[in-house]
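Basis for what follows: all heavy atoms, side chains included, without hydrogens, waters or symmetry-related copies.
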Amino acid sequence: MQILMIHSDGLEFESKKPATKEREEEKSGKYGECIVVFTSVEKGDLKNKKEIIAQTVEEIKQYSSNVGCEDVVIYPYAHLSNELETPNGAMKVLDLMCDILDKTELNIERVPFGWYKSFSLSCKGHELSELSRRIRAGDGRVSTENVALSAEEKTKSEFCIMNPDGEIDELKESGAKTPLNVLIKYETKKDRTANEEPPHIKLMQKLELVDREPGSDAGNMRWYPKGTMIKRLLEKKVEKLVKKAGAMEVETPEIYDYAHPCLEEYLERFPARQYRVMSGEKPYFMRFAACFGQFLIARDAQISYKHLPIKYYELAHSSYRREKRGELAGLRRLRGFTMPDMHTFVKDLDQGLEEMSSQFSLSMEWMESLDVPYEAAMRVQKDFFEENKEFYKQIAKKLGRPMLLELFDERYAYFITKFEFNVLDTQGKAAALSTVQIDVENAERFEINYVDKDGKKKLPYILHASLSGSIDRNLYALLEEAAAKSRRGEKPSLPFWLCPTQIRLLPLSSEYVDKCSELAKELTGIGFRADIDDREEGLGKKIREGEKEWVPLILVIGEKEVEAEKYPIRVRNGEDFSADMKELIEIMTKMQENEPQRSLPLPERMSLRSKFRG
RNA sequence: GCCACCGUAGCUUAGCCUGGUAUAGCGGCUGAUUCGUAAUCAGCAGAUCGGGGGUUCAAAUCCCCCCGGUGGCUCCA
C-alpha cells in the first residue's frame, strides 16, 4: 500500500470515462477543507489485508490528529506504485479499509475507483501538508518519504555545440550523419525505437565471453574465462589510470540499511530501483553505486585542507540496479554490473574544475585504449557556465573536436556540471561510458567536511568519476564497434591487448607440436598470450576457426619453418608477413602498446579445451 | 506494468498453416587420415519438442494458462 496524504483547502473532482473493467459507480463531488488520501493498493496487499489496513488506518489517524482535521477523502490513485493489485482486489481492500475508518471519529468520503477523473486540489502548503507512506507486510516498519520535492520540476535545457576554438554554434536541424549528429538526435528526439536485438548479444555468446545466467535474475550475467579475462584487463587498466590520478583504493559493503539517515534521503532520488535483501527481519538494499560506502568513509575521516584533493577509488563489483525488465539490453544495461567508481573531495570549485580537467584527460586516455569512436557531451547549469566560460573553452580545445553542450537552468540532480563520453551503436543508440560530475549536494547530506586554514569546518565539493564507465558496458561498446566493422565490410576484431588469444601457433602435423611449445614458451615468458592448435584437424579448418575466434595473428609451423627459423604470419587486419622470433616479438610489443597484460584464460593446447556453448 | 515476437538435441535449425511422438548441419564420442593458410572421411550416441492443463482414438502441430527470452511502449483505478 502506498499513500500520499495532502492537507487541502478543497478538492473538486469529476469522473470522465471508465478506466478499468471493474469499477465503482460514476460520481463527481466537491469538498472543503479535508485530508485527501491518494491511495495505491499494491500487489500482495489483499493477501495481507489485515495488517496492511490496520497500519494504514493508524497512519491516517495519526496524520489527522497532527494536522487537526477530521474530514478524510480516500482517493484511489494508481500512480504511486508500479506494482498494483488487481482492480477487484484493490476495491476489496479499499472497502474494508473504509469500513474500519468509518468506525473511527473520522468523517470518510470516497472518490470512485475505476475512472479517469479530472480534479483540482489546493494544498495548504504548511510543513505537514504533504506526507507519503509506504506500508508493506512483514516490514515491521514504515518507511517515510517526503514527496514535496519530487514535484518533477521540468528543467529547461538548451542544446548547442561547442567547437574546439570555443565558439558556440546552434544545433543544425539535419546535417550529415556524423556520430555527433547521431548523439544529438538521440538526446533531443523522443524516438528511441529499435526493432532488432543489438548485435553484441550474439557476439558475446558466440565468442564465449559472456552469457545470461538462467539461474539468476534477468540482467545478471555469467562470464566465461575469455570474457572474464577481458574484464580483468579493463579493470586493471582503470586501476592504472586512477592510481595515476593519485587515488587510494578502498572496499565498501554491498548492502546498506534503508533506515540510515543519510541513505534514506539519498534513496528518494532513486525510487524503487534497488534489490532488497533481508537480514533476519531487517530490510537492506544492494548498492547501486559505490558512493555511499566512500561517503561514509569520508564522513568519519579527519580531513584537513592540506590533504585536499583526496581521492577514493573502488571497483564496485558488483553494483545492482533493479531496472525495469524492458530496459535490460545485453551488456548495455544490466541489473548486476561492475562500476569503477572514484570520488574526489576538493576544497572549492576552482580545485574541482582543475580536477575535472585532468580527469577529462584520463578519460580520453581510456577511450583511446579502447579504440572505439566516441562523442563528448558537457552538461552544465547556465549561470555556472557563464561564470566559467574559459574553463569550458579549454576543455573543448583539449578534446579537439566539437562537443555537445547542454545548458540547464535549474539543477535537476546533485551535480552542477558533468561530462560524459558516449558511444553510438549500430542502431543509433547512445550509451555513456566515461563520466565525471561535480556534486554540490552530498557533502552536506553525508556530513562530510574538512578543516580549513581558519580552523573552521567546511563542506568540500565531491567529484564523482568513472573514468571508464561500467566495465560491462565497455565490452558492449567493443563488440558493437566490431559489429559496425563487419557491417562496413571489414573483419571484426578487438584491440590487440584485449584479445584472449594474441597469437595462435598451428603445427602442420603432430610432429611440430613440440616446436610450437617452445615458441609459445618464449612468447608467454614476456607476457603475450600464445596458444597451440594441436588438434588432429586439417590446416584449413584450424585457420578457419582461428579467424572465427578473431585471433589477430596466426603462425603456421612445418618442416620449412623449423629449418629456417623464420615464420609466415597471417594477420587478421593487415598484411601477412614473415619474421623470425626477434622480429615477431618486436612487432607484437608495438601492437601491445604498453597496455596491461594477463595470461591465457584457457589451456594452452586447444585439444584440452572444452566448449562452453556448443 | 502493458504490447508484440520468439522458445524443437550443447549450438544453429526442418517440421507447425493442412494433427499420426521429429529433419539436418555443427559440436561430442569411436575409427581412419599427418595434412601448407577459412570446413578430411566414415560410424555412433544425443530431443519427456520451455512447463502445465484442455480438445482428440491420436498434439511439436489446435485452444487456454504459466514461465523464460528479445524488442518496444508506458503511468493508466
Taking only N/O atoms, report every protein-nucleotides 2-4 of chain B pair under 3.5 Å with atom names and distance.
none

Pairs under 3.5 angstrom, nitrogen or oxygen only, protein versus nucleotides 24-32 of chain B, please.
from: B:G27; atom 1: OP1; to: A:K541; atom 2: NZ; distance (Å): 2.6

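A:K17 comes within 4.0 angstrom of nothing in the nucleic acid, heavy atoms only. Heavy atoms of A:I554 sit nowhere under 4.0 angstrom from any nucleic acid atom. Counting non-hydrogen atoms under 4.0 angstrom, A:Y116 reaches the backbone sugars and phosphates but no base. Among the atoms of the strands shown, base atoms are found under 4.0 Å from some heavy atom of A:E561.
Between the CZ atom of A:R333 and the P atom of B:G71 there is a distance of 12 Å, given to the nearest Å. Protein atom NZ of A:K117 is 14 Å distant from nucleotide atom C1' of B:C75, rounded to whole Å. Between the CD1 atom of A:I569 and the C1' atom of B:U37 there is a distance of 13 Å, rounded to whole Å. Taking atom CZ of residue A:R613 and atom P of nucleotide B:U13, one finds them 11 Å apart after rounding to whole Å. Here the P atom of nucleotide B:C35 and the CD atom of A:E511 are 8 Å apart, to the nearest Å. Per the geometry, CG belonging to A:L508 stands 10 Å off C1' belonging to B:U37, to the nearest Å. What separates CG of A:L506 from P of B:G36 is a distance of 13 Å, to the nearest Å. As rounded to whole Å, 13 Å separates atom C1' of B:A38 from atom CZ of A:R504.
Here the separation of B:G1 from B:A38, taken at their C1' atoms, is 48 Å to the nearest Å. B:A47 and B:A24 have their C1' atoms separated by 14 Å, with the value rounded to a whole Å. Using P as the reference atom, B:G50 and B:G7 are 8 Å apart when rounded to the nearest Å. Comparing B:C6 with B:G15, their P atoms sit 13 Å apart, to the nearest whole Å. Here, B:U56 and B:A9 have their C1' atoms 29 Å apart, quoted to the whole Å. Across the C1' atoms, B:G46 and B:C63 are found 32 Å apart, a figure rounded to whole Å. Across the P atoms, B:U37 and B:G71 are found 42 Å apart, a figure rounded to whole Å. B:C66 and B:U23 have their P atoms separated by 33 Å, with the value rounded to a whole Å.
Side chain of A:A218, nearest nucleotide from B:G71, B:U37, B:G69: B:G69. Picking from B:G71, B:G69, B:U37 the nucleotide with the shortest atom distance to the side chain of A:R212 gives B:G69. Of the candidate nucleotides B:A39, B:G72, B:U37, B:U37 has the atom nearest to the side chain of A:I543.
With respect to the salt-bridge test (charged N to carboxylate O, under 4.0 angstrom), the residues A:R488 and A:E481 qualify. Salt bridge annotation for A:R609-A:E208: absent, with no cationic side-chain nitrogen under 4.0 angstrom from a carboxylate oxygen. Electrostatic pairing of A:E480 and A:R332 does not count as a salt bridge here, judged by no charged N lying under 4.0 Å from a carboxylate O.
Residue A:R572 has no polar side-chain atom (N or O) positioned under 4.0 Å from OP1 or OP2 of B:A38.
Scanning for ring pair (Phe, Tyr, Trp, His ring centres under 6.0 Å) contacts around A:Y476 gives A:H200, with sequence neighbours left out. Scanning for salt bridge (charged side-chain N to carboxylate O under 4.0 Å, His left out) contacts around A:R212 gives an empty result, with sequence neighbours left out. Residues meeting the salt bridge (charged side-chain N to carboxylate O under 4.0 Å, His left out) test with A:E213, sequence neighbours left out: A:R222. Remark: A:K541 engages A:E537 in a salt bridge (charged side-chain N to carboxylate O under 4.0 Å, His left out) (not counting sequence neighbours). Residues passing the salt bridge (charged side-chain N to carboxylate O under 4.0 Å, His left out) test with A:D217, sequence neighbours excluded: A:R335. Contacts of A:K61 classified as side-chain contact (heavy atoms from CB on, under 4.5 Å), with partners at least two apart in sequence or in another chain: A:V57, A:E58, A:T104, A:L106.
Taking the nucleotide of RNA chain B with the nearest heavy atom to each of A:Y512 and A:R544, the more 5' of the two is matched to A:Y512. The residue among A:P76 and A:A329 whose nearest nucleotide of RNA chain B is located toward the 5' end is A:A329.
Contacts classified as ring pair (Phe, Tyr, Trp, His ring centres under 6.0 Å) and involving residues 202-231 of chain A (residues at least two apart or in different chains) are given here: A:Y224-A:F612. Judged as a ring pair (Phe, Tyr, Trp, His ring centres under 6.0 Å), the pairs with a partner in residues 16-39 of chain A (not counting sequence neighbours) are, in order, A:F38-A:Y75, A:F38-A:Y77, A:F38-A:F119. A side chain to side chain donor-acceptor pair (under 3.5 Å) check over residues 492-507 of chain A, counting only residues at least two apart or in different chains, returns the pairs A:K485-A:S493, A:S493-A:N573, A:T501-A:D531, A:Q502-A:Q592, A:R504-A:D531, A:R504-A:E549.
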(request) Would you write the dot-bracket representation of RNA chain B, where each base gets (, ), [, ], | or . depending on whether it forms a Watson-Crick or G-U pair under 3.5 Å and with which partner? (result) ((((((((.[[[..)....(...]]].(((((.......))))).....[[[[[..)....]]]]])))))))....

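By the 6.0 Å and 45° rule, A:K16 does not stack over the aromatic ring of A:Y116.
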(request) Output, in order, the C-alpha distance, side-chain angles, deciding distance and verdict of salt bridge (charged side-chain N to carboxylate O under 4.0 Å, His left out) for A:E518 and A:K515. (result) CA-CA 5 Å; A:E518 200 183 293; A:K515 181 65 184 175; 3.3 Å; yes

